[in-house]
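Data first, discussion second: the structure below is written as structure tokens.
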Amino acid sequence: MGEIFELTNGIITVKVCNWGATITSLLVPDSKGNVADVVLGFDTIDPYMQGEAPYFGCIVGRVANRIRDGKFTLDAVEYSLPINNPPNSLHGGIKGYDKVLWEVAEQNKGEKPSITFKYLSKDGEQGYPGDVSITATYSLPSPKTLQLEMEAVPENKPTPISLAQHTYWNLAGHNSGTILDHTAQIWAQHMTPVDPTTIPTGEITPVKDTPFDFTTEYKIGARINEVPGGYDHNYVLDCGEEKDGLKMAVKLKDPLSGRVLNLFTNAPGMQFYTGNYVNGVTGKSGAVYQKQSGVCLETQGFPNAINEPKFPSIVVRPGEKYNHTMLFDSQMSNRYVF
């Protein structure tokens with residue numbers, strides 16, 4: 001059965017459910033100590049299970065983002081995937097990891113609370129080869145830090161694996177309108193341009209002198225009209241300082257509340273998505289989420305990497321382990337911010 005679990009350390013409180021290993025709520029204080037829920041979502045599990053969420057808060061896979069025409073060849077075998085974002089396959093297919101029940105493997109309620117979900121993805125599921133054992137552990141390792149560690153082990157066949165966490169962030173509060181006044185700084189000097197179906201062209205191009213340049217802090221809404229449809233692009237995380245095996249990916253800031261979110265990861269890319277396709281979804285406490293009311297920071301392997309030899313490989317073979325860590329950290333300002 002679907003169930004919501006709570007982790008809290010007295011400063012931040014996160015709720016996660018075992019349907020899609022989904023973050024449903026994240027309560028954090030601003031610089032004055034005012035607490036708000038900073039992620040889009042629903043009050044109960046039902047809307048998630050009924051498919052009403054446009055990937056709110058979930059883990060997506062076996063391969064996040066898009067695969068061109070839903071096809072790839074691995075070791076001379078061609079595989080076909082469901083086309084759920086025509087003409088491409090998106091976020092693992094029609095029934096990806098966001099639309100399945102994960103098992104609760106472990107839960108710790110101590111000083112550093114954590115919960116581990118696990119899922120066994122079977123050979124042939126949504127067209128992907130081989131059995132894969134997956135775990136996702138959410139934890140609060142320090143007073144103002146949320147961590148997610150994802151691991152996947154292919155049991156019997158090589159397979160592409162690229163998981164992503166798909167939370168929609170609004171640091172002013174989930175019900176506060178658009179994120180266009182938020183600022184973002186992304187530790188990426190390059191991005192992967194896309195064709196009209198949002199599949200990367202295979203090029204890796206500099207962001208300098210383009211509306212994609214967030215190498216310095218910039219308001220998200222300032223140049224969004226120069227990007228047809230809004231931001232929904234993969235950034236090459238190539239200039240972040242490394243700390244404990246993780247590199248800085250992005251700093252997101254809401255000037256109104258003073259909340260700041262720093263994201264560190266060991267993934268090579270990050271999809272920066274401004275919620276362009278959200279359209280009148282009724283969420284928590286009756287809030288209605290419209291276009292661009294949240295921003296996604298999906299650290300990932302590059303989209304369509306399985307079909308692009310120049311991109312970092314997402315193939316994982318038996319005997320190897322896929323590991324993807326995300327650290328959502330706070331920055332001190334006045335008293336404390338998230």
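If you read the sequence from its start, that first residue is 1, and numbering goes on from there.
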Might you confirm whether atom [atom1] of [X] has over 12 heavy atoms from other residues, nucleotides or ligands at distances under 6.0 Å?
X      : atom1 : value
Glu242 : CD    : yes
Lys284 : NZ    : yes
Asn279 : CG    : no
Lys15  : NZ    : no
Glu241 : CD    : no
Phe5   : CZ    : yes

Going through the checks in order, is the side chain to side chain contact (heavy atoms under 4.5 Å, CB included) test met by Leu171 and Leu261? CA-CA 8 Å; Leu171 299 184; Leu261 171 67; 4.0 Å; yes
Side-chain donor-acceptor pair present, [X], [Y], cut-off under 3.5 Å:
X      : Y      : result
Tyr168 : His174 : no
Glu217 : Thr183 : yes
Asn88  : Asn85  : no
Thr145 : Asp329 : yes
Asp98  : His166 : no
Thr13  : Thr8   : yes
Asn65  : Gln300 : yes
Asn18  : Glu103 : no

Does one hydrophobic cluster hold both [X] and [Y], with members joined at side-chain heavy-atom distances below 4.5 Å?
X      : Y      : result
Val100 : Leu90  : no
Val60  : Tyr273 : no
Met326 : Tyr55  : no
Ile4   : Leu7   : no
Ile186 : Val227 : yes

Which of these, Thr22, Leu120, Ile134, sits in a side chain to side chain contact (heavy atoms under 4.5 Å, CB included) with Trp102?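 In the set Thr22, Leu120, Ile134, the residue that makes a side chain to side chain contact (heavy atoms under 4.5 Å, CB included) with Trp102 is Ile134.
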Only residue of Val295, Thr274, Ile224 satisfying side chain to side chain contact (heavy atoms under 4.5 Å, CB included) with Leu180 is Ile224
Are [X] and [Y] close enough that some pair of their side-chain heavy atoms sits under 4.5 Å apart?
X      : Y      : result
Pro158 : Asp75  : yes
Phe302 : Ile204 : yes
Phe328 : Thr167 : no
Thr325 : Gln147 : yes
Thr205 : Met191 : yes
Val104 : Glu3   : no
Asp254 : Asp181 : no
Ile179 : Trp169 : no

Ignoring hydrogens and angles, tell me if any N or O in the side chain of [X] forms a donor-acceptor pair with the backbone of [Y] under 3.5 Å.
X      : Y      : value
His233 : Phe212 : no
Asn84  : Gly93  : yes
Glu155 : Gly130 : no
Tyr128 : Leu81  : no
Asn304 : Pro200 : no
Gln126 : Lys95  : yes
Gln271 : Asp232 : yes
His182 : Leu252 : no
Tyr322 : Leu163 : yes
Thr159 : Pro129 : yes

Kindly give the heavy-atom pair with the smallest separation between [X] and [Y], and that separation in Å.
X      : Y      : result
Val278 : Pro54  : CG2-CG, 4.3 Å
Ser142 : Asn9   : O-ND2, 3.3 Å
Lys247 : Leu237 : NZ-O, 3.3 Å
Ala249 : Thr265 : CB-CG2, 4.0 Å
Asn170 : Ser176 : OD1-OG, 3.1 Å
Gly301 : Ile314 : CA-CG2, 4.1 Å

When rounded to the nearest 0.5 angstrom, what is the spacing between [atom1] in [X] and [atom2] in [Y]?
X      : Y      : atom1 : atom2 : result
Ile67  : Ser89  : CD1   : OG    : 6.0 Å
Glu78  : Phe72  : CD    : CZ    : 9.5 Å
Asn34  : Arg259 : CG    : CZ    : 7.5 Å
Glu111 : Leu140 : CD    : CG    : 11.5 Å

query = Are Phe272 and Phe214 close enough that their ring centres sit under 6.0 Å apart?
reply = yes
Show the numbers, then the answer: is there a side chain to side chain contact (heavy atoms under 4.5 Å, CB included) between Thr116 and Glu151? CA-CA 11 Å; Thr116 299; Glu151 289 187 349; over 6 Å; no
Yes or no on side chain to side chain contact (heavy atoms under 4.5 Å, CB included) for Gln189 and Thr215, after CA distance, side-chain angles and deciding distance? CA-CA 7 Å; Gln189 294 176 346; Thr215 51; 4.3 Å; yes
Note to self: Between Tyr48 and Thr24, does the side chain to side chain contact (heavy atoms under 4.5 Å, CB included) criterion hold? Intermediate values first, please.
What the structure shows: CA-CA 10 Å; Tyr48 297 99; Thr24 65; 3.6 Å; yes
Next on the checklist: Does Arg223 qualify as a cation-pi partner of Tyr231, given the criterion of NZ or CZ under 6.0 Å from the six-membered ring centre and within 45 degrees of its axis?
Outcome noted: no
